[in-house]
Amino acid sequence: MAKAKTIDDIAEKLPDELPESEQESEEDKKYNIYPDFKKIQVNPNLTLSIRQSGRTVESIRASERVSKIVFTVLIYIFLVFMALLVIFPFYWMIITSFKQRTEIISSTQTFFPSIVMWSNYVYVFQVFDFGTYMLNTIVVAVFDTAGTLITTILAAFAFSRLRFKGREAVFMIFLMTMMIPGEMMVISNYITVASFGWIGEDQTLMEAYLAMIIPFWISVYYIYLLRQNFKQIPNELYLAAKVDGKSDWSFLWKVMVPLAAPTLISICILKFMGSWNSYVWPNLVANRSEYQLISNGLRSSAFVDIDGGQTEYGYQMAATVCVTIPLFLLFIFFRKYIMRGVGRAGIKG
């Protein structure tokens, strides 16, 4: 069996100098300024230090973690503060609905009623004509939303897909009308509905509904919102539908409307909430109290004490809570559609 060679025996047979082909020339040494990391063994226990600041990597990471925690805490403090500003009016409305009138008008206010007055809510359903006002509000809100949805779909499709002369100019004029305050339209709208005979001493319930609904079937903002969403739909789908022999009407309702469903749901919810909370116009065109909406009923004489002529704020706040709850639940269950619809309209696909 051959004897194993030692390292010394092998080293004796190695040449003292490498061949000229393997030796590094002076010119190579001049330009070879980068170290060969394959031949360098680095101790893993070394601590890296930045020469300019004298700080180690661990200290930099620790300071970054502290800065991130402080920044996160400040953000949450700001969000909690803003949330309290938004929630406090609703909280005050709820606790006021359970207070007595003497406690409400007292100079020393409390953040919780001393005596919980459940009778305030009983009064709302017994004395206040809550059912009539609520029925009028639902009818106006539903038909106003449906009419606005139809006109918005048709107008947005025309401005986004149909090609006709002056399309962009007409759309720019539409957008310019958004700069006009809505209060300036009250007089012209009133003259219009009066010319149709919907306002007068012998006004019927149907005429009051028409006067409250039809003038607000057109919304430039919703048309613009849906048009931007329609423009995200690839034009190839429209051309393919034309090749298959589909009409514009069929393409609109079978392709574009389903694809724009989130935006349409957002428009429905926002319009319904706007109709539900409208006050000035229904109060102006509805001649009789039984034709008015719930927002007008909250300011009616049902909450005024006949003997003293003073407003019963507890009853009024109780009715306001009952009116606010449906809108609150509507927003809670459909808030994701509102965010998704508005977000999609602002992204160019």
So Val321 and Tyr121, side chain to side chain contact (heavy atoms under 4.5 Å, CB included) or not? Walk me through it.
CA-CA 9 Å; Val321 171; Tyr121 287 89; 3.6 Å; yes
Could you note down all residue pairs passing salt bridge (charged side-chain N to carboxylate O under 4.0 Å, His left out) where residues 166-175 supplies at least one of them, sequence neighbours left out?
Glu168-Arg227
In terms of ring plane angle, is the pair Tyr123 and Tyr315 parallel, tilted or perpendicular, where the classes change at 30° and 60°?
parallel
From Met134 CE over to Ile294 CD1, what is the distance, rounded to the nearest 0.5 angstrom?
5.0 Å
Using modelled atom types and a 3.5 Å cut-off, is there a donor and acceptor pairing between side-chain atoms of Asn189 and backbone atoms of Val186?
no
Are Leu175 and Met178 side-chain neighbours, meaning at least one heavy-atom pair lies under 4.5 Å?
yes
State, yes or no, whether a side-chain contact exists between Pro282 and Val140 at a heavy-atom distance under 4.5 Å.
no
How about Leu84: does its CG atom have over 12 heavy atoms from other parts shown lying under 6.0 Å from it?
yes
Can you tell if the side chain of Tyr238 reaches within under 4.5 Å of the side chain of Val255, non-hydrogen atoms only?
no
Given the rule in the side chain to side chain contact (heavy atoms under 4.5 Å, CB included) test, do Tyr190 and Leu284 qualify, once you have shown the distances and angles that lead to the verdict?
CA-CA 8 Å; Tyr190 187 87; Leu284 184 63; 3.8 Å; yes
Donor-acceptor check, side chain of Ser275 to backbone of Asp144, threshold 3.5 angstrom: yes or no?
no
If every non-hydrogen atom of Pro113 is compared with every non-hydrogen atom of Phe98, which pair is closest and at what distance?
CB-O, 3.8 Å
Output the distance between atom CG (Asn229) and atom CD1 (Ile267), rounded to the nearest 0.5 Å.
8.5 Å
Approximate separation, where rounding is to 0.5 Å, of Asn296 CG and Asn283 CG:
4.5 Å
Step by step, would you call Phe251 with Phe157 a side chain to side chain contact (heavy atoms under 4.5 Å, CB included)?
CA-CA 10 Å; Phe251 176 75; Phe157 179 75; 4.0 Å; yes
Using the rule that Ile, Leu, Val, Met, Phe, Trp and Tyr join whenever any side-chain heavy atoms are under 4.5 Å apart, tell me whether Met172 and Phe230 fall into a single cluster.
yes
Got a second to check how far Ile233's CD1 is from Met256's CE, nearest 0.5 Å?
4.0 Å
Any side-chain heavy-atom pair from Pro234 and Leu237 closer than 4.5 angstrom?
yes
For residues Val170 and Ile218: do they belong to one hydrophobic cluster (side chain heavy atoms under 4.5 Å, members Ile, Leu, Val, Met, Phe, Trp, Tyr)?
yes
Using a 6.0 Å cut-off, check whether atom OH of Tyr279 has over 12 heavy atoms from anything other than its own residue.
yes
If you count every heavy atom of other residues, nucleotides or ligands that lies below 6.0 Å from Lys254 atom NZ, does the total exceed 12?
no
Test log, rule side chain to side chain contact (heavy atoms under 4.5 Å, CB included), inputs Lys99 and Thr110
CA-CA 10 Å; Lys99 288 183 179 181; Thr110 58; 3.5 Å; yes
Mutual orientation of the aromatic rings belonging to Tyr224 and Phe171 [parallel < 30°, tilted 30-60°, perpendicular > 60°]:
parallel
Salt-bridge criterion met for Asp248 and Arg161 (N-O under 4.0 Å):
no
I'd like to check Glu207 versus Ile199 (side-chain heavy atoms, cut-off strictly below 4.5 Å). Are they in contact?
no
Pair Tyr91, Phe111 - check ring-ring contact (aromatic ring centres under 6.0 Å, His included), show working.
CA-CA 9 Å; Tyr91 170 75; Phe111 288 90; 7.1 Å; no
Between the OG atom in Ser219 and the CG atom in Leu225, the distance rounded to the nearest 0.5 Å is 9.0 Å
Is Thr263 close to Gln228 at the side-chain level, that is, under 4.5 Å between some pair of heavy atoms?
no
Taking the side chain as every heavy atom from C-beta outward, state whether Val193 and Leu210 have any atom pair closer than 4.5 Å.
no
Between Phe143 and Tyr209, is a ring-ring contact (aromatic ring centres under 6.0 Å, His included) present by the stated rule, with each step listed?
CA-CA 9 Å; Phe143 284 95; Tyr209 284 163; 8.2 Å; no
What's the shortest heavy-atom distance between Val86 and Phe90, and which atoms?
O-CD1, 3.3 Å
Do Gln203 side-chain atoms and Val285 backbone N/O form a donor-acceptor pair below 3.5 Å?
yes
How far does CD1 of Ile95 sit from CE of Met317, to the nearest 0.5 angstrom?
11.5 Å
Can you pull out every ring pair (Phe, Tyr, Trp, His ring centres under 6.0 Å) where at least one residue sits in residues 68-88? Sequence neighbours excluded, please.
Phe88-Trp92
Scanning both residues in full, the closest heavy-atom pair of Ala141 with Phe272 reads CB-CE1, 3.5 Å
Minimum side-chain heavy-atom gap Asn136-Leu205 below 4.5 Å
yes
Out of curiosity, does Met185 fall in the hydrophobic cluster containing Tyr221 (side-chain heavy atoms, cut-off under 4.5 Å, transitive links)?
no
Path from Met212 to Trp276 over hydrophobic side-chain contacts below 4.5 Å
no
If you apply the rule side chain to side chain donor-acceptor pair (under 3.5 Å), what do you find for Thr148 with Tyr222, and how did you get there?
CA-CA 9 Å; Thr148 302; Tyr222 294 145; over 6 Å; no
Identify whether Ile94 and Val122 are in the same connected component of the hydrophobic contact network (ILVMFWY, side-chain heavy atoms under 4.5 Å).
no
